[in-house]
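Source: prediction; values computed, not measured.
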Amino acid sequence: MTTSEHDHGSTPGIPTPGIPTSGIPARTDCPPARHIRGLRALAVTGAVAAALTVWAVAVPLAGIEPAVRTGGGTQPVGPGAIATSALLAGLAGWALLAALERLTSRARRTWTIIAVVVLVLSLSGPLGNGAHTTATVALAGMHLAVGAVLIPALRRSARR
């Protein structure tokens, strides 16, 4: 057993993960898939929490009733719809990032550009359909809160 094998606790002839067996250095900048999934799940959960926090400030504390115009009336937007929308946005962002990581070498950059464009486009919903000014501000704030959590957190979890 050589000194390096002894120092790393490896068995002769059996490669040790993270320790190169050839002249090519091992990648140490890529966390295990389990860790990446955990970070991404935390990002999605954080996005839902951020949207619900804006709702909690807007409705019970500030007395704003988030609502959108529909047909001939208005439709209130409750915490269930808010949580579901944030969850779906987070899962869609996660799925897109995972697909881009398999398809391109610039997944992080491509995903970030797409995510920012989607966030800007999503603002057309509350800006165009908010039932009143305060509802528009509250709903746009929810969109921005979800984006403020998801974009940096999922971007940080990207492998490349």
If hydrophobic clusters are built from ILVMFWY residues whose side chains come within less than 4.5 Å, do [X] and [Y] share one?
| X | Y | answer |
| --- | --- | --- |
| Val44 | Leu52 | yes |
| Val116 | Leu144 | yes |
| Val146 | Leu96 | yes |
| Leu123 | Val149 | no |
| Ile113 | Trp94 | no |

Going from [atom1] on [X] to [atom2] on [Y], what distance comes out if it is rounded to the nearest 0.5 angstrom?
| X | Y | atom1 | atom2 | answer |
| --- | --- | --- | --- | --- |
| Arg34 | Arg37 | CZ | CZ | 8.0 Å |
| Ile151 | Ile114 | CD1 | CD1 | 11.5 Å |
| Thr136 | Asn129 | OG1 | CG | 8.5 Å |
| Leu154 | Ile36 | CG | CD1 | 11.5 Å |

Q: Could you tell me whether the side chain of Met142 reaches within less than 4.5 Å of the side chain of Ile82, counting heavy atoms only?
A: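 The answer is yes; the side chains approach within 4.5 Å.
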**Q.** Side chains of Val59 and Pro66 in contact at under 4.5 Å (non-hydrogen atoms)
**A.**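 Result yes, sub-4.5 Å side-chain heavy-atom pair found.
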Backbone N/O of [Y] and side chain of [X]: donor-acceptor pair under 3.5 Å:
| X | Y | value |
| --- | --- | --- |
| Arg40 | Ser157 | yes |
| Trp111 | Gly93 | yes |
| Thr110 | Ala107 | no |
| Arg155 | Thr112 | no |
| Arg69 | Gly128 | yes |
| Ser122 | Leu119 | yes |
| His143 | Ala138 | no |

(Q) Could you walk me through whether Val68 and Thr74 satisfy the side-chain contact (heavy atoms from CB on, under 4.5 Å) test, starting with their C-alpha distance in whole Å, then the side-chain angles of each, then the deciding distance to 0.1 Å, before giving a yes or no? (A) CA-CA 5 Å; Val68 293; Thr74 62; over 6 Å; no
Q. For the residue pair Pro126 and Ala140, what are the closest heavy atoms and their distance?
A.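 Nearest pair, atom of Pro126 first, then Ala140: CB-N, 3.8 Å.
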Q: Considering non-hydrogen atoms only, spot the tightest contact between Leu150 and Gly90 and give its length.
A: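 The answer is CD1-CA, 3.5 Å.
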